[in-house]
Structure formats: C-alpha cells, structure tokens
Peer 1: 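Can you read through this structure? Questions will come right after.
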There are 2 protein chains.
Amino acid sequence: MTEQSDSSVKRAREGSGRAKLEEVAQRSGVSTATVSRAFNTPEKVSPETRERIFATARALGWVPNAAGRALASNRTHIAGVIIPTLDNEIFSHQVGAMQSVFAEHGLNLLIACSNYDPELGLQQARAMIERGVEALAMAGETHPAALFDDLDRLALPYVLTYAYRPGAPYAMVGFDNEAAFSRMTRYLIDLGHRRFAVVMQPNVNNDRVQARLRGIEQTLGEAGLSLAPDALIIGKASLDFGIACAAKLAALPADCRPTAIICGNDTLALGVQMGLTRAGFCVPGDFSVTGFDDLELSSRVTPALTTMFVDNKDIGRLAAEQLVHCLTGRIEKPQSRQVDVSLRLRESTAAPSTGRLG
Amino acid sequence: MTEQSDSSVKRAREGSGRAKLEEVAQRSGVSTATVSRAFNTPEKVSPETRERIFATARALGWVPNAAGRALASNRTHIAGVIIPTLDNEIFSHQVGAMQSVFAEHGLNLLIACSNYDPELGLQQARAMIERGVEALAMAGETHPAALFDDLDRLALPYVLTYAYRPGAPYAMVGFDNEAAFSRMTRYLIDLGHRRFAVVMQPNVNNDRVQARLRGIEQTLGEAGLSLAPDALIIGKASLDFGIACAAKLAALPADCRPTAIICGNDTLALGVQMGLTRAGFCVPGDFSVTGFDDLELSSRVTPALTTMFVDNKDIGRLAAEQLVHCLTGRIEKPQSRQVDVSLRLRESTAAPSTGRLG
DNA sequence: TTGTATGCGTTATCAG
DNA sequence: CTGATAACGCATACAA
C-alpha cells in the first residue's frame, strides 16, 4: 500500500510550460545555484561556465519566472501609481516622467485611475498591493483613512503628488495650491481689480481645487473683498464650459460684472477668453483672465494668457526618485519636495479700465 | 547530534514580514487549504468557518502574497502596454481606456514608454515579460522581429494599436492610416486644389506616419499631382513647429505656393493656421488647412479646423477587450478590429480662390 | 568557484 | 466540507 502510493507519483501540476532554470542547469551541467548566480551575480561565476549557461539559456529561450523570483528574493521590482485620470495632461506627464525614472532603476510601473473617486482609488491601491508593488505614488491627499492605514501597516513607501502642504504627515511632492492661487489673486488685486469671478473645475474629492479656492477667498478677504455668490462657477474643465461661463458672466449687469476672472486651468481660461470675445468683449480691456498650467497654446493665443507654469514632469520625476531612493536604502522614508511654480504675466491681464480703487 | 541539529532550526530566511495565510489558518483552527478556499471559492466553505476565517484575516491584516499566489496558480493578473510616449494624448487616452477595461476584469496594468525607439520598446517588453504579464498591447507595428519572436514563442497574447493593416499577421486594433490620409487628400483634390504642402511629425520608426505619407503621395500621384521637394516638412508635432512651417510656406513665391496644407495632426494644423494669420494670409481664402485627431479646441477656433476624428478611447477599449477575451478563454487569439475615423469638414478648407483646374 | 539543501507563500490534488 | 501535502520556480546560506 505505502509502496504503491509512494511509487505512483501524483501527476505533477501543470507548470507554466516554459523552460525553467532547472533545465538550463541540467543542460549546462551545473547546479541551479550556479545558473542563478550567473544571472544575478555574474562576477561570482567563472567566465567559461557563465558563457555556457548564457548560451543554453538563450537556446532554450529561458525567461526567469517573476513569481518564483519574487517569492525567493522577496522583491517584485514593481511600483505603482494612482491618478484620477489619464485624460488630463497634468497627470499623464507626471506618470510618463515617473515611468522613465523607475525604468532606469529596473522597476516596472503599474498604473490605475480613480476617476476622482477615493473609494475606487482605495480598491485600486489594494489591488496593487496584492500584486506586490514595492512603492506607491498617488495624486493628492484625498484618500480614505483606510488606505493610509494599510500603507503604514505594511510599511509601504509612498508619496503624494501635485500637492504640497507644510507639516503634512506624509511625503508630498508638489506645490502649495493655496499659496499659488493666493499669489494670482494678490496680483490681480494689486492691478486694481475689485470685482472677481472664479471659474473652477469640480472641487469634490479634490484637495488641490479646494486649496485653490481657499487661497482665492482668503486673499480676497484680506483685501476686504469677497466673491459674489453667482461669481463662483464650478464645472467640467472643458473649453465649452469655459465658453458657457463667459457668456453667463458677460450677461451680468455692468455694475456688478467682474473685472477679473480667475480660472482653475488654462483650458477653462481659453474657453472663457473665447466666450468673452464672442460676446463682444475685450480681454484684457473689459475683463482680465488668468489660467493655470501654462499649456503650449496659452502663450500663442491672442491675447496671450497670464497663467502659472507647473513642471509636472519634474513632479513625476522627483516623486519617483523619492521612492527609488527609499527602495535602494538611500533614505529611510520618502521626503517631501516642494516644486516651484512660476507666474507668467502675459496679455490677458491689465488694470481694470473702470477700476474704482478702494 | 541529529537531535541537536533538528532542534536548532536554521534561522529561516527573512520572509516578507507580513502575516501569511498559514497564520490565518492556525488562528482560525483550520488548514491552509480551507483558508485559500475561503477566499478563492467561498461557496466551497461553510458559512461559519468562512466568516471566522475572514475575521481573523482582517484582524491579522493579512494580504495575500502575489508571488506565492502567482507561483501556485500560474497567473499574475497583470497585463502590459507599451506606447511611444504619454505626452501625446492619443496614447494617454488609449491607455486610460485600457486600464479601465482591465480593472473591470481584475487585471492590473503595467505601462512603459519607448520614446519611439523600437529597441527600447523591446527592452521594456522583455522587462514586462519577466514580470509575468499575461498579455501585451503595443502601439503600432514598428517593432524588432525579436519581439514578435519572443511573444510568439511564449504564446503571449498581444495586440497592436492605432494602426490597422488588412492582412497583417497579428491582431491590430485601429484604423488604416494610409486610407485616412488618402481620403483627406482626395477631398482636397476634389475641392480643386493642385498645389499641396504637407507638415508632418517625424516618420522614423513610425509606421503610422509612414502610412500617412504613402496615402497622401499615392493619392496625389493618381491625380497626376506630386509633392514639391520643399513642400514636405517634417518635424516635432508642436504648435511652434506648425507656426514655423507656415512662415516658410507663406514666404514662397506666389506661383509655386501651395493652396492646401495637409498636417499630420491638429496641433500642427493649429500652429500652421496661426502662422499663416500672422503672415497676413487668410484661411481658407489663401490656404486650406487640414488636421488630424479632432481635439476639443479644433472645432472652437476660428476658422474651425477641418480634421479627422479618431476615437482613441475606443481603440484602447477594444484592444483591451481582445486581450481580456483571450485570457478568459472566450477566444483563441486576439482578433483585429478596425475602428472608424470620421472626416469633420469645417471652415479651414474651401476651393482654392486661384485654382487652375487642371 | 561550485553544489546541496531548503525556504519563500500560495494553490491544487487527493483522500477522507 | 475539510485536511494533509506536494508542487510552483527561484535564490541563498552553508558546506565543500
């Protein structure tokens, strides 16, 4: 009985079907350890056997099995990034730069989009963790507490991008959105503007946009100004929405019409400019308009758009570098990095023609 | 001695440090097999034990180890995509759509950029293969033969996107670039244009652009026309390059100046329109201009741009679906899918004012 | 420089 | 419905 069951070997489970390291070893007349070393620490193997191993591996078309390798070495060489959407170039540029940095260090990049839904982001993050990501980058800081808990408990290095908040309890690579919009607002106030309108992308689940609104309202408040209820318009960051907002603002009675329109990004601002022009108004004669991002187009249109330049590729690069340094042991945990934004003053802003100064 | 060596267990290699399934099993008073079943085939486990297992797993903060799982199940649940760059929205939109489809099917997506360098693309693909991707999507068909060899040998499902060529030996999800530009050229010829210029993005290592140029030249040839040597300008697909090209073309003597300018994409076309306007010319009065892609902006500018709409998200979605179906066994191998492009006739094209018809 | 032996964490097979 | 146990493919401590 026992002999019977001993000899009648259970049929082996189906493997990957691909050649395995063991076969390379056999055909090379060496042990599996030597083959492993030949690929991972070539200097520890004599040149002749090394070449022989490489040759048979090539002949067999051997590809190391990631799972086996990961299980034995406890490394997956995979990082992850979670952004709201790839349809916005501010994120696609960040991701592109990250991928480039990771690739230089032998890391592959998993990507997922949350569609601005924190719960979906949490799901995506957990899926990535189950795939064994060694580090994670995520846009913004609006994430469920459960996500931060998971990451901390697993001691997984992570950075938050595009935003920067002094004193944040995690690493952030980006800029202070509140300060940036405060600065833009200040600039317009100093030009003499007193009546403002704001055209902004949706602020739900978006800490960056929320910070921007805070920056604007706070700065207006400090100057004794405020935003009229119908002067804050929020909607999809599209050209069309910008055009529609312009029409709405242009239709206001002259005495409560804003003289300055602060837009959440260049797309909205360009739309607003178009809409104002269509309505027969001049920029900056009748309205000053500002954007954010500094798209290539923004400096080429007429009038050229006053906006704020953000180097998204730099953000991506710096964020990835923090994670890489962390994985290579160069630093203990990812550090925050503040990136500069620069105000680009162009033709779309000027002193209000009918400005009542004070 | 033996007892000694038996009891003094070799210090176990450092594990992941995270809780493992075995611990969940012990604390739940069941075997590892049952825990595994509880998560993978819950219906095969009694409700009580199942809940007990879930509870202890949660308490321990257990996260299944991807490597162990992959090794045992021979599945990684990871797909990959390789594109030239994320800086071009035609690719970022494709990738976004793919990721969405993959996520719906429990697949994570690895992403890499080749920078239009086939050798780099090969490296990226091989890296992904070593990470265990179960399927691969790649833009275009300009890839080293070695890559196709590897994929075929490993029987890895793959699709090529954005291009479609009847009779291709692999699955392609996209459109016929040659036919699309042939159609655009035909349209301009039919309007009465006889002198053409082409402003195109770089064609090296880019089968899509090469096909476009073939489409244009072939169609011109059939009409007994041809492109003057200095009427084909190739360079970076930026607004600035478009502007520069316009300046160059505008400076030609009137009798050999083109009346129609075919651009490789909307960015170039918008640049050309700007450049022509700056040079004091009218569109379409002096020049007809066409683009490709149909950006949101293209229909909003003045004059609105005649261009070709391509649904890049649909391409991404269809490509991912082919791969998913393949992995789920619904189809044997990925199938080609041709997506429609649509000509959007707008204000930037008209019959040439000084057209010498034949 | 090389080989031996074992562990990495999970799933799948089979017996019960 | 559950348990025991053998794979899965590779890397590494240790011995030689």
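Proteins come first, then strands; the chains are lettered A, B, ... in the order of their sequence lines, and each starts at number 1. Predicted model only: the values in this text are computed from it and were never measured.
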Peer 1: Tell me which residues in residues 35-47 of chain B put a heavy atom below 4.0 Å from DNA chain D, sorted by number, or none.
Peer 2: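 Contacting residues: R37(B), E43(B), K44(B), V45(B), S46(B).
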
Peer 1: Grab the CD-C1' distance between E22(A) and dA11(D) for me, whole Å please.
Peer 2: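 Rounded to the whole Å, the gap is 14 Å.
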
Peer 1: Atom CG of L21(A) to atom P of dC8(C): distance rounded to whole Å?
Peer 2: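 Roughly 19 Å, once rounded to whole Å.
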
Peer 1: Looking across every strand, which nucleic acid part, if any, lies under 4.0 Å from T32(B) by heavy atom: base, sugar-phosphate, or nothing?
Peer 2: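 Touches a base.
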
Peer 1: Quick one: side-chain hydrogen bond (donor to acceptor under 3.5 Å, both in side chains) pairs with a partner in residues 19-29 of chain A, sequence neighbours left out?
Peer 2: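 Listed by first then second residue: S28(A)-T56(A).
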
Peer 1: So does A319(A) get a backbone contact from the side chain of R337(A), meaning a donor-acceptor N/O pair under 3.5 Å?
Peer 2: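 Looks like no, no N/O pair under 3.5 Å.
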
Peer 1: With E141(B), which residues qualify under side-chain hydrogen bond (donor to acceptor under 3.5 Å, both in side chains), at least two apart?
Peer 2: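 If we apply the side-chain hydrogen bond (donor to acceptor under 3.5 Å, both in side chains) test to E141(B), skipping adjacent residues, the hits are R165(B), Y170(B).
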
Peer 1: List in chain and number order the residues that pass side chain to side chain contact (heavy atoms under 4.5 Å, CB included) with D117(B), two or more places apart in sequence or in another chain; answer none if no residue qualifies.
Peer 2: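 E119(B), L120(B).
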
Peer 1: What is the distance from CD of E130(B) to C1' of dA11(D), rounded to the nearest Å?
Peer 2: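 These atoms are roughly 15 Å apart.
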
Peer 1: Give the ring-plane orientation class for W62(B) versus F39(B), where under 30° counts as parallel, over 60° as perpendicular and anything between as tilted.
Peer 2: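 Taking F39(B) first and then W62(B), their aromatic rings sit tilted (interplane angle of 30° to 60°).
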
Peer 1: Please determine, for the side chain of T34(A), which listed nucleotide (dT2(C), dT10(C), dA4(D)) has the closest atom?
Peer 2: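 The answer is dT2(C), which lies nearest to the side chain.
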
Peer 1: Once you apply a heavy-atom cut-off of 4.0 Å, does A33(B) come out as touching a base, just sugar-phosphate, or nothing?
Peer 2: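 Contact class for A33(B): base.
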
Peer 1: Rounded to whole angstrom units, what separation is found between the CD atom of Q26(B) and the P atom of dG3(D)?
Peer 2: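 Checked: the CD to P distance equals 13 Å.
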
Peer 1: Quick one: N65(A) CG to dG9(C) P, roughly how many Å, whole number?
Peer 2: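 Going from CG in N65(A) over to P in dG9(C) covers 16 Å.
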
Peer 1: Could you write out DNA chain D as a dot-bracket string, with dots for unpaired bases, | for bases paired across to another strand, and Watson-Crick or G-U pairs counted at under 3.5 Å?
Peer 2: ||||||||||||||||

Peer 1: What integer distance in Å separates R52(B):CZ from dC1(D):P?
Peer 2: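 Atom-to-atom, R52(B) to dC1(D), this comes out as 14 Å.
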
Peer 1: Check side-chain hydrogen bond (donor to acceptor under 3.5 Å, both in side chains) between N205(B) and all other residues, then give those that pass, not counting sequence neighbours.
Peer 2: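 Partners of N205(B) under the side-chain hydrogen bond (donor to acceptor under 3.5 Å, both in side chains) test: none.
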
Peer 1: Answer with base, sugar-phosphate or nothing: what part of the nucleic acid does G29(A) contact at a heavy-atom distance below 4.0 Å?
Peer 2: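 The answer is sugar-phosphate, as G29(A) gets under 4.0 Å only of primed atoms, P, OP1 or OP2.
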
Peer 1: Hey, does the side chain of R69(B) come within less than 4.0 Å of dT11(C)'s phosphate (OP1/OP2), counting only N and O?
Peer 2: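 Result: yes.
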
Peer 1: Show me the pairs that pass salt bridge (charged side-chain N to carboxylate O under 4.0 Å, His left out) and involve residues 51-61 of chain A, at least two apart or across chains.
Peer 2: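 Sorted result for residues 51-61 of chain A: empty, none.
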
Peer 1: Just the rounded figure in Å: distance from P of dG9(C) to CZ of R75(B).
Peer 2: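 That distance rounds to 23 Å.
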
Peer 1: Starting at CG of L71(A) and ending at P of dA7(D), how long is that distance when rounded to a whole Å?
Peer 2: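 So the CG-P distance, L71(A) to dA7(D), works out to 17 Å.
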
Peer 1: Measuring from the side chain of V30(A) (C-beta onward, heavy atoms only), which nucleotide among dG3(C), dT10(C), dG9(D) has the closest atom?
Peer 2: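 The nucleotide sitting nearest to the side chain is dG3(C).
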
Peer 1: Give me each pair satisfying side-chain hydrogen bond (donor to acceptor under 3.5 Å, both in side chains) with a member in residues 97-108 of chain A, each pair once, sequence neighbours excluded.
Peer 2: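 Passing the test, one end in residues 97-108 of chain A: N108(A)-R131(B).
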
Peer 1: Once salt bridge (charged side-chain N to carboxylate O under 4.0 Å, His left out) is applied, what residue pairs with a partner in residues 31-48 of chain B remain, sequence neighbours excluded?
Peer 2: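 Found none.
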
